[in-house]
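Input: a single structure, listed below in structure tokens.
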Amino acid sequence: MAETAGNRYEEPTSEVAAASAVADQPDPTTLDKLTTHFGKKVLGTSTRLGEATAIVDAKALVEVMTWLRDEGKFVLLSDLTAHDCHGQEPRFWVIYQLTNIETPERLRIKVGLPEKKPSVESMVPLWPGANFLEREVYDLMGIEFKNHPNLTRIMMPTEWEGHPLRKDYPVVYEPVQFTHNAAEIRARKPLAEK
Amino acid sequence: MGVIENVSRWILGREAPEEELEREHLERLQPKDQLMPTWEEGEEGGKMVLSMGPQHPSTHGVLRLELEMEGERVLKITPDVGYLHTGIEKTFETLRYDQGTALTPRIDYLSPMNNTWCFIMAVEKLLEITPPPRAEYVRVILGELTRINSHLVWLATHALDIGAMSVFLYCFREREMILDIYEMVSGARMMDSYYRAGGLAWDIPPGFIEAVQAILDILPARIDEYESLLTRNPIWMERTQNVGAISAEKALALSATGPALRATGVPWDLRKTMPYSVYEAFDFEIPVGSRGDVYDRYLVRMEEMRQSLRIIEQGIRVIPRGPFRIDNHKIAPPPKEEIYLSMEALIHHFKLWTEGFRVPPGEAYAAIESPRGELGFYVVSDGSAKPCRVHVRGPSFINLQLIGPMSEGGLVADLVAVIASLDPVLGEVDR
């Protein structure tokens with residue numbers, strides 16, 4: 001399987017294993033090309049579990065992504081999401097899954113963002129399909145996307161406060177009330193009063 | 001009602017140009033001065049804003065579209081989603097990995113097994129385990145049955161939206177057989193949670209292969225029957241051909257996948273292009289369209305059902321014998337008989353169902369070809385028994401962006417056909 005082959009660091013024992021490892025893995029030269037072309041703008045690369053990942057400087061993101069789309073032929077932006085590492089710096093990671101449908105291979109681009117006012121350039125000018133995904137990340141994670149055509153909440157109601165997928169946003173649980181006494185219910189359900 | 005002279009011209013012939021036929025038809029219906037729908041000039045310059053949904057029957061759930069219209073023509077479409085947002089991604093973070101399989105079928109409730117499969121694939125990737133071949137083959141067979149199940153509901157509702165009631169009834173009749181198989185293997189007709197990390201929840205029951213064979217015997221003729229009702233039906237063709245067309249470049253830029261992309265002519269199917277599980281061992285083809293309109297999406301899905309049947313037919317002949325889940329009792333529970341005899345098995349059983357299994361830290365993205373396109377699960381683990389982050393790449397959600405480019409400038413009646421042809425499941429859109 002791809003995952004076991006990708007994580008094997010020793011030399012593959014047979015030619016068959018080598019061939020399957022190459023076929024299953026994203027082409028390793030894409031990461032090399034990226035580092036040689038952009039130098040220090042690419043903060044780190046790794047290939048783990050058969051998945052190629054590059055960490056990119058947020059300031060150079062548009063430049064790198066434009067190059068990847070036009071030169072690297074990653075025409076499909078498969079996914080865009082964010083991850084909250086609460087208590088760490090950088091706190092937020094925005095994750096892009098790119099797909100080259102010709103070779104075919106996948107590449108993950110990650111961008112770290114600070115806790116205070118996390119914002120990153122929008123990918124909508126490059127891939128219009130990023131529109132909904134960025135709105136979703138903005139809504140649930142509170143990351144601002146600069147130059148987005150319509151950055152509004154998409155899942156939660158417009159007047160909602162807070163960003164539910166952040167780690168410091170509690171999962172609120174209210175016990176079921178087995179009573180018809182309104183005063184009792186109000187006393188136990190402070191949230192319903194708001 | 002006027003009499004249509006020369007019926008064959010209506011059904012087969014395109015001797016007369018389409019515009020002429022249309023004008024003739026309209027003239028018969030209306031006096032000449034009322035041909036074009038008119039709208040009084042208002043503050044918006046003759047435009048009307050119409051809210052379609054969230055309770056509109058043809059929006060397939062709680063989808064709301066804000067339509068800016070000029071007469072019957074739709075100028076601008078703004079999809080408004082989120083009515084069914086249940087915070088599934090947040091809930092994943094509060095549940096253990098083994099409990100997560102109870103949530104996954106609820107994302108896309110028309111193809112429940114596929115969701116669980118994809119989530120399990122991401123978890124198995126992080127655990128660096130491979131399920132035994134028997135489990136993989138059963139997963140493929142049930143995955144393809146799920147595709148047919150989902151496509152049958154799509155066809156039923158698509159036809160119903162355009163006014164073909166009987167197809168709806170036929171499709172649900174056949175879907176029952178697939179739901180019976182769900183019930184047979186998992187005990188539940190929809191929310192199955194049958195796929196588990198490291199294999200399956202339990203082995204396939206006796207009679208499973210015969211039940212699948214019964215579907216294989218019946219369904220090809222039934223699919224021909226649906227096609228005989230629709231494919232060459234002039235009303236169906238009139239309502240779907242050259243409606244909601246989109247180019248391959250535009251679809252790719254909008255991250256479209258699945259039949260919506262394949263109908264434009266791009267042969268992108270993860271089962272073939274990035275094979276997962278044991279799909280490499282199967283012989284099947286990927287249907288693609290050329291014009292990317294509603295009719296092409298219809299044809300692609302119809303052919304996909306036949307190809308799925310081919311895969312199932314090959315699958316049930318070669319289901320390997322052997323274990324149905326891995327032998328690692330840190331991840332998969334030990335067999336029930338062992339618990340009575342072995343202390344270790346009892347401890348493993350107890351620890352597994354109280355604490356779950358721990359997953360090494362890391363991140364993984366797994367994607368499968370769901371009936372609607374690329375379904376992806378991005379799972380981040382921090383080394384504990386609960387995921388740190390689970391993101392679902394819902395193909396319905398992303399394909400919903402195609403509605404604008406597909407039907408802006410068209411008629412509002414065509415919009416109904418376009419929505420049905422995208423086959424969105426709102427549980428997956430809103431999650």
Side-chain angles (χ1 to χ4, degrees), chain A residues 1-4 6-8 23-24 26 48-51 53 69 75-86 93 95 97 99 101-106 108 110 126-133 135-137 139-141 150 152-158 160 164-167 169 171 173, chain B residues 78-85 87 89-91 93-94 121 124-131 249-257 261 266-268 270 273-277 362-367 374 376-378 380 382 388-389 391-393 397-402 404-405 429-431:
Chain A
M1 292 304 289
E3 45 271 34
T4 46
N7 207 39
R8 218 178 274 151
D24 289 348
R48 200 174 162 257
L49 306 173
E51 295 179 5
T53 308
R69 190 193 64 168
V75 291
L76 190 66
L77 176 79
S78 286
D79 195 14
L80 191 161
T81 184
H83 170 44
D84 177 8
C85 299
H86 187 49
W93 290 96
I95 295 125
Q97 306 277 1
T99 310
I101 63 167
E102 283 165 24
T103 25
E105 68 175 291
R106 282 191 197 280
R108 184 189 297 138
K110 291 174 77 173
L126 292 177
W127 289 280
N131 189 334
F132 274 21
L133 291 161
R135 278 176 70 190
E136 190 193 3
V137 170
D139 184 358
L140 302 177
M141 206 63 104
N150 175 31
T152 48
R153 286 190 182 272
I154 187 162
M155 294 295 174
M156 310 300 285
T158 40
W160 195 266
L165 273 181
R166 288 191 174 187
K167 287 285 175 191
Y169 189 98
V171 181
Y173 169 71
Chain B
T78 318
D80 179 12
V81 300
Y83 289 92
L84 210 61
H85 179 61
E89 288 178 12
K90 185 81 172 170
T91 317
E93 294 169 16
T94 66
M121 263 171 62
E124 282 172 352
K125 212 173 193 179
L126 282 167
L127 287 166
E128 296 183 49
I129 55 170
T130 312
E249 293 76 35
K250 217 168 187 179
L252 275 172
L254 284 162
S255 301
T257 45
L261 179 64
V266 182
W268 180 252
L270 292 177
T273 51
M274 292 180 139
Y276 51 93
S277 192
E363 54 186 345
Y365 179 78
E374 176 184 333
F377 268 78
Y378 173 69
V380 182
D382 55 358
C388 188
R389 172 90 169 94
H391 172 71
V392 188
R393 184 235 191 255
F397 177 59
I398 292 163
N399 287 356
L400 209 55
Q401 298 181 95
L402 295 167
V429 171
D430 297 343
R431 300 186 297 282

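Because only heavy atoms are used, hydrogens play no part in the values below, and waters and symmetry mates are left out as well, while side chains stay in. Computed from a prediction, not measured in an experiment: that's the story for all the values here. Every chain is numbered from 1, with letters handed out A, B, ... down the list of sequences.
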Under 4.5 Å, counting heavy-atom pairs only, tell me which of B:Ile398, B:Asp80, B:Val266, B:Leu84 racks up the most with chain A.
B:Ile398
Under 4.5 Å heavy-atom distance to chain A, tell me which part of B:Leu126 shows up: side chain, backbone, both or neither.
both
Heavy-atom contact with chain B under 4.5 Å, split by part of A:Pro164
backbone
Checked B:Met274, B:Glu93, B:Glu249 vs chain A; the most non-hydrogen pairs under 4.5 Å come from B:Met274
State whether the side chain of A:Thr81 and the backbone N or O of B:His391 hold a donor-acceptor pair below 3.5 Å, judged by distance alone.
no
State which residues pass side chain to side chain donor-acceptor pair (under 3.5 Å) with B:Asn399; sequence neighbours excluded, sorted by chain then number.
none
My understanding is that only residues two or more places apart in sequence, or in another chain, count here; which of them pass side chain to side chain contact (heavy atoms under 4.5 Å, CB included) with B:Cys388?
A:His83, A:Lys167, B:Val380, B:Asp382
Identify the heavy atoms of B:Ala253 and A:Pro128 that sit nearest to each other, and give their distance.
O-CD, 3.3 Å
B:Leu127 versus chain A, the contacting section by heavy-atom distance below 4.5 Å
neither
Apply the test salt bridge (Lys or Arg N to Asp or Glu O under 4.0 Å) to residues B:Glu363 and A:Arg108: give CA-CA distance (whole Å), side-chain angles for both, the deciding distance (0.1 Å), then the verdict.
CA-CA 11 Å; B:Glu363 54 186 345; A:Arg108 184 189 297 138; 3.3 Å; yes
Is a side-chain N or O of B:Arg389 found less than 3.5 angstrom from the main chain of A:Asp84, in a donor-acceptor match?
no
Chain A contact via B:Tyr378 - side chain, backbone, both or neither, heavy atoms under 4.5 Å:
side chain
Whatever's closer than 4.5 Å to a heavy atom in chain B on A:Ile95 counts as side chain
B:Thr91 portion near chain A, given a 4.5 angstrom heavy-atom threshold
neither
Given that the side chain runs from C-beta out, which part of B:Tyr83 has a heavy atom under 4.5 Å from chain A: side chain, backbone, both or neither?
neither
Keeping B:Glu89 on the side-chain end and A:Leu165 on the backbone end, is there a donor-acceptor pair under 3.5 Å?
no
With a 4.5 angstrom heavy-atom cut-off, is it the side chain or the backbone of B:Leu252 that approaches chain A, or both, or neither?
both
For B:Val429, is it the side chain, the backbone, both or neither that has a heavy atom under 4.5 Å from a heavy atom of chain A?
backbone
Out of B:Ala364, B:Pro267, B:Gly376, which one racks up the most heavy-atom pairs below 4.5 Å with chain A?
B:Ala364
With heavy-atom distances below 4.5 Å as the criterion, would you say the side chains of B:Trp268 and A:Thr99 are in contact?
yes
Answer key: most heavy-atom pairs under 4.5 Å with chain A among B:Ser255, B:Gly82, B:Ala367 is B:Ser255
Do you know which of A:Leu76, A:Leu77, A:Ile101 has the most heavy-atom pairs under 4.5 Å to chain B?
A:Ile101
Can a donor-acceptor pair be found, under 3.5 Å and without considering hydrogens, that links the side chain of B:Gln401 to the backbone of A:Phe132?
yes
Determine whether A:Gln97 and B:Arg393 make a side-chain contact, defined as any pair of heavy atoms from C-beta on separated by less than 4.5 Å.
no
Kindly say whether A:Leu140 contributes a backbone atom to a donor-acceptor pair with the side chain of B:Lys90 at under 3.5 angstrom?
no
Run A:Trp127 and B:Leu254 through side-chain contact (heavy atoms from CB on, under 4.5 Å) and show every step you take.
CA-CA 6 Å; A:Trp127 289 280; B:Leu254 284 162; over 6 Å; no
